[in-house]
Colleague: 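First, the structure itself, so that you have it in front of you.
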Amino acid sequence: MSIDPREVVGWFDRVRRDLPWRRPEVSAWQILVSEFMLQQTPVARVEPIWRDWIARWPTPSATAAAGAADVLRAWGKLGYPRRAKRLHECATVIAAEHGDVVPEDVEVLLTLPGVGSYTARAIACFAYQQSVPVVDTNVRRVVARAVHGLADAGNPSAKRDEADVAALLPDDDTAPRFSAGLMELGALVCTARNPKCGVCPLSHCAWRTAGFPPSTAPVKKVQKYAGTDRQVRGRLMDVLRASDAPVTRAQLDVAWLTDTAQRDRALDSLLVDGLVEQTEDGRFALAGEGADAGAGAPSSGARGRMQPLRSRADNSEG
DNA sequence: GACTCGTGGTG
DNA sequence: TCACCAAGAGT
């Protein structure tokens, strides 16, 4: 059982969403920005942030010239703020080492901060119309069902997954639409829950032929959030984004009152990640606060990590 | 390969 | 209600 690329491309041409980063005037850098934002994040939440972002920083050099703190604020509550930091670093590398032009080659793209196997191929395909397999969670699910007759994809394996999709890729200039179409199909029709098989454009689906056998995979661990370090980190980042000036330890403490050990651990991890820095007087701020990249400010977290956290007693200014 | 890293919509 | 899920990357 296989997938007929013409069915995917034809369907995509009819029903494709008019997402802003799909318009012809959008640059490779702006497509790259959308791919960073879309990592593990729904389209609806990305759209407004992406519009503001590219209006403010339309090129890699413009992004690199911004301060890391401004970048983290513009990222807002998209989540996983390490992505914002990597995007800033990625802009810096492209501006400094690639003539302010997003590389076309997958192998070169893979050397950029925050660019992994999916993002590198998505840029090569969607920004530069290359015929390379683009494998995201949607594509893996569509292939698992239509080709392999399974309810859902197994554990990700870049080699195997990319070989699967490479075998399906049309050998002509419709490859980018085919890849975008597979992703769109997984996002709109062949969804994880309640797939809309009644409107699926594929005339051959191994999963349907087999009678929709249920998943045999063991139940995945629940993705907890409430009460986790991630939630605490989010609270702390929320406090820091909201403040123009560095904040005291006490101001951070009120963001998480239930478990002080966990709070300390979360703050320390933010310092390690280079998302937060400690000022010389012991207060805390977003990394790169008050500095732009042109000043050569330490946007990596080494500086913040060098200073041991001061005790709360040391810091209780009156 | 297993684990971590945010946030908010939804069935 | 709350478990599940969403264009992954890095360690």
Side-chain angles (χ1 to χ4, degrees), chain A residues 12 16-17 19-22 31-50 72 75-87 89-90 109-127 133-142 152-162 165 176 179-188 190-196 215 217-241 255-256 265-266 268-270 272-276:
Chain A
F12 182 64
R16 59 183 290 172
R17 290 171 290 179
L19 303 176
W21 44 85
R22 285 179 175 169
I31 291 173
L32 182 153
V33 172
S34 77
E35 295 298 347
F36 268 69
M37 292 182 174
L38 287 162
Q39 289 168 5
Q40 297 285 283
T41 307
V43 165
R45 290 180 45 211
V46 166
E47 261 201 69
I49 305 288
W50 182 86
L72 289 169
W75 193 262
K77 305 197 74 169
L78 264 189
Y80 294 141
R82 293 195 294 197
R83 291 182 296 165
K85 183 173 189 299
R86 290 181 186 136
L87 179 55
E89 293 166 353
C90 184
L109 286 163
L110 284 169
T111 68
L112 299 172
V115 176
S117 57
Y118 163 76
T119 303
R121 293 164 183 281
I123 293 166
C125 180
F126 302 138
V134 182
V135 183
D136 74 334
T137 185
N138 289 309
V139 172
R140 294 190 337 103
R141 184 173 54 249
V142 171
D152 44 34
N155 292 326
S157 165
K159 273 263 201 243
R160 178 169 49 73
D161 297 338
E162 285 162 14
V165 175
S179 289
L182 275 188
M183 292 171 59
E184 195 83 332
L185 195 57
L188 301 180
C190 196
T191 48
R193 286 179 297 183
N194 306 320
K196 302 168 181 61
S215 172
V219 280
K220 282 183 289 188
K221 298 185 312 299
V222 194
Q223 183 185 23
K224 295 194 302 275
Y225 180 60
T228 63
D229 287 4
R230 278 150 69 187
Q231 184 180 26
V232 184
R233 284 166 56 105
R235 292 280 183 86
L236 297 175
M237 287 295 290
D238 213 22
V239 171
L240 293 164
R241 280 193 301 264
W256 194 258
R265 185 168 67 245
D268 192 56
S269 74
L270 290 173
V272 170
D273 285 351
L275 295 169
V276 176

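Note on naming: letters A, B, ... go to the chains in the order of the sequence lines (proteins, then strands), and numbering restarts at 1 for each one.
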Colleague: Measuring only the P atom in each nucleotide, how far is C/dA7 from B/dT4? A whole number of Å is fine.
Modeller: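 Between the two P atoms, the distance is 23 Å.
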Colleague: A/R83 has an atom CZ; how far is it from atom P of C/dA6, in whole Å?
Modeller: 15 Å
Colleague: To the nearest angstrom, how far is A/Y80 atom OH from C/dA9 atom C1'?
Modeller: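 That distance rounds to 10 Å.
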Colleague: Under 4.0 Å between any heavy atoms, over every strand shown, what does A/A122 touch: base, sugar-phosphate, or nothing? Just pick one.
Modeller: nothing
Colleague: With a 6.0 Å cut-off (strictly less than), is the heavy-atom count around NZ of A/K159, excluding the residue itself, greater than 12?
Modeller: no
Colleague: When you measure from the side chain of A/T119, which nucleotide among C/dA7, C/dA9, B/dC5 comes out closest?
Modeller: C/dA9
Colleague: Quote, to the nearest angstrom, the P distance that separates B/dG6 from C/dT11.
Modeller: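 The answer is 14 Å between these two P atoms.
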Colleague: To the side chain of A/K77, which of C/dA7, B/dT7, C/dA6 is closest?
Modeller: B/dT7
Colleague: Could a donor-acceptor pair under 3.5 angstrom be found where the side chain of A/R193 meets the base of B/dT10?
Modeller: no
Colleague: Calculate the interatomic distance between A/Q40 atom CD and C/dC5 atom P; express it in whole Å.
Modeller: 12 Å
Colleague: Phosphate oxygens OP1/OP2 of C/dA6: is one of them under 4.0 Å from a side-chain N or O of A/R141?
Modeller: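 For C/dA6, OP1 or OP2 has a side-chain N or O of A/R141 closer than 4.0 Å.
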Colleague: Just call it for A/T137: base, sugar-phosphate, or nothing, with non-hydrogen atoms closer than 4.0 Å on any strand.
Modeller: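 It contacts sugar-phosphate atoms only.
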Colleague: Can we say A/E184 and A/R16 salt-bridge, meaning some charged N sits less than 4.0 Å from an Asp/Glu carboxylate O?
Modeller: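 No.
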Colleague: Are the side chains of A/V46 and A/L78 in touch, meaning some heavy atoms are under 4.5 Å apart?
Modeller: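 They are in side-chain contact.
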Colleague: Between A/R241 and A/D238 (salt bridge meaning N to carboxylate O under 4.0 Å), is one present in this structure?
Modeller: yes
Colleague: Please classify the nucleic acid contact of A/L19 as base, sugar-phosphate, or nothing, using heavy-atom distances under 4.0 Å.
Modeller: base
Colleague: Just to confirm, is there a sub-4.0 Å distance from OP1 or OP2 of B/dT7 to any side-chain nitrogen or oxygen of A/R241?
Modeller: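 For B/dT7, OP1 or OP2 has a side-chain N or O of A/R241 closer than 4.0 Å.
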Colleague: Around atom CG of A/N155, are there more than 12 heavy atoms from other residues, nucleotides or ligands closer than 6.0 Å?
Modeller: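 No.
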Colleague: Pick the closest DNA chain B nucleotide for A/L78 and for A/S157 by heavy atoms, then say which residue is nearer the 5' end.
Modeller: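 Going by which nucleotide is closer to the 5' end, it is A/S157.
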Colleague: Between the base of B/dG8 and the side chain of A/T41, is there a donor and acceptor pair under 3.5 angstrom?
Modeller: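 For A/T41, whose side chain was compared with the base of B/dG8, there is no donor-acceptor pair (under 3.5 Å).
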Colleague: C/dG8 C1' sits how many Å from A/N155 CG, rounded?
Modeller: 15 Å
Colleague: Rounded to the nearest Å, what distance is computed from the CG atom of residue A/L236 to the C1' atom of nucleotide B/dG6?
Modeller: 13 Å
Colleague: What is the distance, to the nearest angstrom, from the CG atom on A/N194 to the C1' atom on B/dG9?
Modeller: 15 Å
Colleague: Phosphate oxygens OP1/OP2 of C/dG8: is one of them under 4.0 Å from a side-chain N or O of A/Q39?
Modeller: no
Colleague: So what does A/V115 touch, heavy atoms closer than 4.0 Å: a base, only the sugar-phosphate, or nothing?
Modeller: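 A/V115: backbone/sugar contact only, no base atoms under 4.0 Å.
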Colleague: Could you check how far CZ of A/R82 sits from C1' of B/dT7, rounded to whole Å?
Modeller: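 Checked: the CZ to C1' distance equals 15 Å.
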Colleague: Strictly below 4.0 Å: does A/N138 bring a side-chain N or O up to OP1 or OP2 of C/dA7?
Modeller: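 Yes, A/N138 has a side-chain N/O under 4.0 Å of OP1/OP2 on C/dA7.
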Colleague: Just checking A/R265: base, sugar-phosphate only, or nothing, at a heavy-atom cut-off of under 4.0 Å?
Modeller: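 Nothing: the residue A/R265, judged by heavy atoms under 4.0 Å, touches no strand.
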Colleague: Please report, rounded to the nearest Å, how far the C1' atom of B/dG8 is from the OH atom of A/Y225.
Modeller: 10 Å
